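Heads up: the structure comes next, in structure tokens.
Counting convention: from 1, in listed order, for ligands and their atoms alike. Everything numeric here is computed off the predicted structure, so don't read it as measured data. Numbers here simply count residues along the sequence, with the first being 1. Reckoned from all heavy atoms, side chains included, excluding hydrogens, waters and symmetry mates.
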Amino acid sequence: MTLQPDVSVPTMIDPFGRHISYLRVSVTDRCDFRCVYCMSEHMTFLPKRDLLSLEELDRLCSAFVARGVRKLRITGGEPLVRKNIMWLFRALSRHLQSGALEELTLTTNGSQLKTHAAELAACGVKRINVSLDTLDPAKFKDITRWGDLRVVMEGIEAAERAGLAVKINAVALKDVNEHEIEALMAFAHGRGADLTLIETMPLGEIEGDRTDQYLPLSVVRARLMDRFTLEDIPYRTGGPARYVRVKETGGRLGFITPLTHNFCESCNRVRLTCTGTLYMCLGQDDAADLRPVLRANPDNDAALHLAVTEAIARKPKGHDFIIDRTTRKPAVSRHMSVTGG
Ligand code: SAM
Ligand code: SF4
């Protein structure tokens, strides 16, 4: 008698006892911006034929939901530039309706929000992250190379009108926006939005030198404490940000500090690329290619679940990001837009 593989779908617990309940999906590596810390200006993107179809992405995401993923973030690249992306949101919203999924959310540069905000809300999306590193139009152009601040502002307003809670994400960049943090905070908190600051991470080759961009958030925090009262709060969104309440504004401020203090010990996530590669850590190269398994087994997910189980068993303890003058190479060669930020 041949033994059949175990087709049950157990929840995902990695070798360090971490329960995986959060999946981030990069639905495209393409983008309509070229942010200086994220991409080089002349990127070679994946050939379109390598991409999973939206139906395949839905199948993969649904398999993860069956394995206990409660939070799903659609990201990229710029997720809203993927053709017909709203089909995927509509499809995935069934898991919100059934209660299997707690949250379906999105990280976006905001350029297409004006068009899609209302439908995102109709699909059950409640909160979105919008990346915004500066409020200065000229600086915005310098950072994003191709972006237009006015369009992003209109997108944020459209999202708010649609009833989406907007969180502003800003990468803290030395000499670029380091003196604008208070202004960004006033902007976000003034409209009832959270602001989260992110340390730049050594992912993929870019034109500039990351040492020139890197601004430790420990420095930002110390500076803010000269002028504001920051009270640690236990608020969590399922991600690595640690939050404070700014007493003077009443708003929440988050810090994502992969360099100065990583929180790998509580990592609850894995990341899927638009070609079906599963990365168990943002900062490590090990991955599992789920696309051949998916395509070889169109009618049932048993082999897929087996491949996922094997991958989770290899989830590393953490990343080893370093940015200094002696470590000039990125920790991994792929850009954030591939793995999904
Ligand atoms: N295009 C969308 C956006 O910009 O929000 C989604 C993808 S983008 C890769 C997700 C987030 O990653 C953005 O907030 C961006 O600022 C951040 N990011 C990109 N490259 C980064 C890097 N090297 N270090 C830290 N954050 C980075
Ligand atoms: Fe595009 Fe987002 Fe990367 Fe900027 S950070 S280039 S918007 S993927």
Side-chain angles (χ1 to χ4, degrees), residues 24-43 45-46 73-82 85 105-113 116 127-134 140-149 151-152 155-156 159 166-174 176-177 184 188 194-217 237 239-241 254-260 262 269 271-274 279 282-283 319 321-323 329-341:
R24 291 190 171 216
V25 187
S26 174
V27 294
T28 175
D29 63 331
R30 289 167 196 251
C31 189
D32 52 347
F33 291 5
R34 290 289 182 280
C35 300
V36 289
Y37 50 80
C38 178
M39 293 189 184
S40 76
E41 184 150 23
H42 305 286
M43 291 288 287
F45 292 112
L46 293 162
R73 179 175 296 279
I74 305 298
T75 177
E78 175 45 42
L80 297 182
V81 302
R82 172 120 191 211
I85 188 64
T105 179
L106 164 79
T107 299
T108 176
N109 65 22
S111 69
Q112 317 293 318
L113 263 182
H116 296 302
R127 302 185 306 138
I128 61 170
N129 290 355
V130 181
S131 303
L132 179 67
D133 303 324
T134 177
F140 188 82
K141 187 114 243 153
D142 287 346
I143 296 174
T144 63
R145 293 194 182 103
W146 296 0
D148 180 342
L149 181 61
V151 177
V152 172
I156 292 174
V166 173
K167 176 161 79 80
I168 305 292
N169 277 354
V171 177
L173 298 163
K174 190 159 76 181
V176 179
N177 63 1
L184 283 164
D194 295 348
L195 171 69
T196 296
L197 303 172
I198 308 171
E199 284 174 341
T200 178
M201 291 173 248
L203 303 171
E205 293 288 352
I206 53 170
E207 272 106 357
D209 182 340
R210 284 216 158 84
T211 333
D212 295 337
Q213 299 176 340
Y214 173 52
L215 175 62
L217 286 181
T237 58
F255 295 89
I256 298 184
T257 54
L259 278 293
T260 51
N262 78 54
R269 70 196 52 197
R271 299 167 195 257
L272 190 65
T273 73
C274 57
Y279 283 98
L282 179 64
H319 61 70
F321 291 148
I322 306 173
I323 297 184
K329 275 183 73 60
V332 291
S333 60
R334 63 185 190 278
H335 294 87
M336 184 82 140
S337 48
V338 173
T339 329

N or O contact, [X] vs ligand 1, cut-off under 3.5 Å:
X    : value
I198 : no
S131 : yes
Y37  : yes

Is there a donor-acceptor contact under 3.5 Å from the side chain of [X] to the main chain of [Y]?
X    : Y    : value
T105 : R127 : yes
D133 : V171 : yes
R82  : G76  : no
R34  : T144 : no
R30  : L46  : yes

Reported [atom1]-to-[atom2] distance for the pair [X] and [Y], which is rounded to 0.5 angstrom:
X    : Y    : atom1 : atom2 : answer
I156 : L132 : CD1   : CG    : 5.0 Å
E78  : I85  : CD    : CD1   : 10.0 Å
D148 : K141 : CG    : NZ    : 5.5 Å
L184 : I168 : CG    : CD1   : 8.5 Å
D29  : C274 : CG    : SG    : 5.0 Å
R24  : T273 : CZ    : OG1   : 15.0 Å

Check: Heavy-atom contacts under 4.0 Å between V130 and ligand 1: side chain, backbone, both, or neither?
Finding: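 Looking at V130 and ligand 1, no heavy atom falls under 4.0 Å.
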Check: Counting heavy atoms only, which part of T107 comes closer than 4.0 Å to ligand 1: side chain, backbone, both or neither?
Finding: both
Check: Which atoms of ligand 2 have any heavy atom of F33 under 4.0 Å away?
Finding: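 Near F33, meaning under 4.0 Å from one of its heavy atoms, ligand 2 has 6 (S), 7 (S).
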Note to self: In this structure, does ligand 2 have an atom that sits under 4.0 Å from one of the heavy atoms of S131?
What the structure shows: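 Judged by the 4.0 Å heavy-atom criterion, S131 does not count as contacting ligand 2.
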Numbered atoms of ligand 1 (with element) below 4.0 Å of [X], judged on heavy atoms:
X    : value
T200 : 24 (N), 25 (C)
T75  : 6 (C), 7 (C)
C38  : 19 (C), 20 (N)
V171 : 16 (O), 26 (N)
M201 : 22 (C), 23 (N), 24 (N), 25 (C)
G76  : 7 (C), 9 (C)
T108 : 2 (C), 3 (C), 5 (O)

Margin query: Looking only at protein heavy atoms, which one is nearest to atom 2 (Fe) of ligand 2, and what is the separation?
Written below: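 Nearest neighbour among protein heavy atoms for atom 2 (Fe) of ligand 2, to 0.1 Å: C31 SG, 4.4 Å.
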Notebook entry, point to check: So which protein heavy atom does atom 6 (S) of ligand 2 come closest to, and at what separation?
Noted result: C35 N, 3.2 Å
Margin query: Heavy-atom contact check, 4.0 Å cutoff: does E199 meet ligand 1?
Written below: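 Under 4.0 Å: yes for E199.
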Notebook entry, point to check: Does G77 come within less than 4.0 angstrom of ligand 1, counting non-hydrogen atoms of the residue?
Noted result: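 Heavy atoms of G77 do come under 4.0 Å of ligand 1.
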Next item on the list: State, yes or no, whether a side-chain contact exists between S111 and L80 at a heavy-atom distance under 4.5 Å.
Entry: no
Margin query: Between C38 and atom 3 (Fe) of ligand 2, is there a contact where an N/O/S atom of the residue lies under 2.8 Å from the metal?
Written below: yes
